[in-house]
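Any value given below was found using the heavy atoms of this structure, including those in side chains, with hydrogens, waters and symmetry copies removed. In what follows, chains are A, B, ... by sequence order, proteins preceding strands, each numbered from 1.
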Protein chains: 2
Amino acid sequence: MKISTRARYGARLMFELALSYGDRGISLREIANNEGISEKYLSQIIIPLKAKGLIISFRGPCGGYALARDPSEINLREIVEILEGGLSILDCLNNSSLCKRSMKCPTRGVWDLLNNKIIQTLEAVTLRDLVEEFLNKSGDNLTYSI
Amino acid sequence: MKISTRARYGARLMFELALSYGDRGISLREIANNEGISEKYLSQIIIPLKAKGLIISFRGPCGGYALARDPSEINLREIVEILEGGLSILDCLNNSSLCKRSMKCPTRGVWDLLNNKIIQTLEAVTLRDLVEEFLNKSGDNLTYSI
DNA sequence: ACTAAAACCATTAAATAAGTAGTATTTACA
DNA sequence: TGTAAATACTACTTATTTAATGGTTTTAGT
């Protein structure tokens, strides 16, 4: 039940893009410096995010990346789902043919419930929320109200 | 964000113990047969559950295992926590000294929120619930109301 | 042309997960 | 009191996943 480094870095990457939303884009180098993450690693992580249409890019000098949509229109669920390769905490939840016991499995219900809660929770937080929290806080603790 | 096989098998193991609660205990062999899980592997998984006091054991012929408490007094949170070695989806949530950025981290709040939801959800389901669901259902889908 | 940036392609080291194997110990029961 | 059925203990193995690193190619602004 750990969240991967990929997804965490991806979230911070997307946060940086949200912070600079409206400007002319930001380079990976800048993001890597701001967040203290390897630029090379970020360049791997950004590929699927771009492929799924969350990000647009500009090549050449003064190039960089920008969000494809408004930060309020991108939630954490999408980001984590893309970077973790799906949000199913258990393969048999989506594909019940994987386990012939699925139909009578005594524990399947709990995992399904848990999975839905996770999705719900991530879906309720947008990049805009992250930016707002970040701008509001100055030492005080974060609070989400869902 | 996958749930480990250990935790899943552990949950089914505990479910079997809950099913036979009140009887004179059940052997690992029987549990392994009922659930179609390697007995050897289960014998590894059961060690920490016993160490944490969720299970008691009887050695020798006619020996076996039994729940140490009533099924209604054991929830899924305990089981998963023991078998996953903690329920923190991210180490820095418990130990903020692990990351010097913790205090100003823009994403820490979401992970913390998600972590709490997961704990809440697992805590709300007891072994008794699992047994009841199992006894009630005969083909119809599982439903939890939390 | 030069250069800064994305895009692409391949490799690797370490950790974790999943499971196996074998031995020792306890104890009910004949 | 010997035997067999069960737990308890210790060690090993194997495959997969994770978290990176390194180098080359393409694009485009000045």
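Listed pair A:Tyr9 / D:dA20 meets the phosphate criterion, a side-chain N or O lying under 4.0 Å from OP1 or OP2. For D:dA8, one of the phosphate oxygens OP1 or OP2 lies less than 4.0 angstrom from a side-chain nitrogen or oxygen of B:Tyr65. Of the side-chain N and O atoms in A:Thr5, one or more sit less than 4.0 angstrom from OP1 or OP2 of D:dA19. In terms of phosphate contacts, A:Ser38 brings no side-chain nitrogen or oxygen within less than 4.0 Å of OP1 or OP2 of D:dA20.
Between the side chain of B:Ser20 and the main chain of B:Asp23, no donor-acceptor pair closer than 3.5 Å is present. A donor-acceptor distance shorter than 3.5 angstrom exists from the side chain of B:Asp129 to the backbone of B:Thr126, with no hydrogens or angles considered. A donor-acceptor pair under 3.5 Å links the side-chain atoms of A:Glu30 to the main chain of A:Ser27, judged by distance alone. Panel note: side chain A:Asn75, backbone A:Glu78; a donor-acceptor pair is recorded below 3.5 Å. Within the 3.5 Å criterion, the main-chain N or O of B:Leu93 finds no donor-acceptor partner in the side chain of B:Asp112. Using a distance-only test at 3.5 Å, with no hydrogens or angles considered, a donor-acceptor pair links the side chain of B:Lys2 to the main chain of A:Ser88.
Regarding B:Glu39, its CD atom lies at a distance of 7 Å from the P atom of D:dT7, rounded to whole Å. C:dA24 atom P lies 13 Å from atom NZ of B:Lys40, rounded to whole Å. As a whole-Å value, the separation of B:Lys2 NZ from D:dT18 C1' is 14 Å. Rounding to whole angstrom units, CZ of residue A:Arg29 and P of C:dA6 are separated by 8 Å. The CD atom of A:Glu30 sits 14 Å away from the C1' atom of C:dA6 (whole-angstrom rounding). Atom CZ in B:Arg24 sits about 14 Å away from atom C1' in C:dC29, given to the nearest Å. Distance B:Leu28 CG to D:dC9 C1': 14 Å, rounded to the nearest Å. Per the geometry, CZ belonging to A:Arg12 stands 13 Å off P belonging to D:dA19, to the nearest Å.
For residues 82-97 of chain A, proximity to DNA chain C is found at no residue, defined as any non-hydrogen atom under 4.0 angstrom from a strand atom. Of the residues in residues 41-60 of chain B, those with a non-hydrogen atom less than 4.0 angstrom from any atom of DNA chain C are B:Tyr41, B:Gln44, B:Arg59, B:Gly60.
Linking ILVMFWY residues whenever their side-chain heavy atoms come closer than 4.5 Å, directly or via other members, leaves A:Phe58 and A:Leu54 in distinct clusters.
Note that OG1 of A:Thr121 and CD1 of B:Ile118 are 8.0 Å apart. Values are rounded to the nearest 0.5 Å.
Which of D:dG29, C:dC29, C:dA6 sits closest to the side chain of A:Pro61 comes down to D:dG29.
With respect to the salt-bridge test (charged N to carboxylate O, under 4.0 angstrom), the residues A:Arg12 and A:Glu16 do not qualify.
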